[in-house]
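Just below is one structure, and these are the notes that go with it.
The figures that follow rest on heavy atoms only: side chains count, while hydrogens, waters and symmetry mates do not. For ligands, and for the atoms within them, numbers begin at 1 and follow the listed sequence.
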Amino acid sequence: MAFVVAEPCIKCKYTDCVEVCPVNCFYEGKNFLVIHPDECIDCGSCEPACPAQAIFPEADLPSKWAEYKQLNAEYSTQWPNITEKKQALPEADTFKNVKDKRPLLDPEPA
Ligand code: SF4
Ligand code: F3S
């Protein structure tokens, strides 16, 4: 099992999750972060740290966001590693509670 970043992260990217991860297993796209499922040690530290409540243990991933398991696995092999917290995206607070953000996910690496 691993933890998974789901839709609420899109266009927010607060990066508080990065700061608490003991194994640096977050990878960065332009407006979304993912977790490498083979590197995550299931410590659970990132889940409560995310202001957008975007992170779930795989077993608790809401079914409407099931696709994000695959997206994390895929993009974590294509995007650069991120190991330090940075400023959230400028529109983060606006997009935190916006629904149906999947079409806004930018597939490009950071
Ligand atoms: Fe990192 Fe722990 Fe979150 Fe896995 S559960 S991504 S190891 S902070
Ligand atoms: Fe995204 Fe939450 Fe981390 S918004 S960057 S998963 S703190």
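Here the closest non-hydrogen pair linking Cys17 and Cys46 is CB-CB, 4.0 Å. Annotation for Thr15 and Leu33: closest pair CG2-CD2, 4.4 Å, computed over non-hydrogen atoms. Contact detail for Glu28 and Ile82: the closest heavy-atom pair is OE1-CD1, 3.7 Å. Here the closest non-hydrogen pair linking Tyr75 and Pro107 is OH-CB, 3.4 Å.
Taking a cut-off of under 4.0 Å to the non-hydrogen atoms of Ile55, the atoms of ligand 2 that pass are 6 (S). Residue contact check: Asp16 has heavy atoms under 4.0 Å from atoms 7 (S) of ligand 2. Residue Cys17 approaches ligand 2 through these ligand atoms, each under 4.0 Å from one of its heavy atoms: 3 (Fe), 5 (S), 6 (S), 7 (S). The distance from ligand 1 to the heavy atoms of Phe26 drops below 4.0 Å at these ligand atoms: 6 (S). Under a 4.0 Å criterion applied to the non-hydrogen atoms of Tyr14, ligand 2 contributes the atoms 4 (S), 5 (S), 7 (S). Counting the atoms of ligand 1 from 1 in the order shown, those under 4.0 Å from a heavy atom of Ile35 are 6 (S). Taking every heavy atom of Val23 and a limit of under 4.0 angstrom, the matching atoms of ligand 1 come to 7 (S). Atoms of ligand 2 found under 4.0 Å from any heavy atom of Thr15, numbered from 1 in the order shown, are 3 (Fe), 5 (S), 7 (S).
Of all the heavy atoms of Cys25, the ones lying under 4.0 Å from any atom of ligand 1 belong exclusively to the side chain.
By the rule that hydrophobic residues join a cluster once side-chain heavy atoms approach within less than 4.5 Å of another member, Leu105 and Val34 end up as members of one cluster.
Taking backbone and side-chain atoms together, Cys50 has an N/O/S atom less than 2.8 Å away from atom 2 (Fe) of ligand 2. Here Cys43 meets the criterion, with an N, O or S atom under 2.8 Å of atom 2 (Fe) of ligand 1.
The protein non-hydrogen atom at the shortest distance from atom 1 (Fe) of ligand 1 is Cys21 SG, 2.4 Å. Among protein heavy atoms, atom 7 (S) of ligand 1 sits closest to Ile41 N, 3.4 Å. Of the protein's non-hydrogen atoms, the one nearest atom 4 (Fe) of ligand 1 is Cys40 SG, 2.3 Å. Closest to atom 1 (Fe) of ligand 2 among all protein heavy atoms lies Cys9 SG, 2.4 Å. For atom 3 (Fe) of ligand 1, the closest non-hydrogen atom on the protein side is Cys46 SG, 2.2 Å. Of all protein heavy atoms, the one closest to atom 5 (S) of ligand 1 is Gly44 N, 3.2 Å.
Listed for the Asn72 side chain is no donor-acceptor partner under 3.5 Å among the backbone atoms of His36. Without hydrogens or angle criteria, Asn24 side chain to Asn81 main chain gives no donor-acceptor distance under 3.5 Å.
The closest side-chain heavy-atom distance from Lys13 to Asn31 is not below 4.5 Å.
In this structure, Gln53 places its CD atom where only 12 or fewer heavy-atom neighbours from other residues, nucleotides or ligands lie under 6.0 Å away. Annotation: Lys101, atom NZ; neighbour count of heavy atoms from other residues, nucleotides and ligands within 6.0 Å is above 12.
By the 30° and 60° cut-offs, the orientation of the rings of Phe32 relative to Tyr68 is perpendicular.
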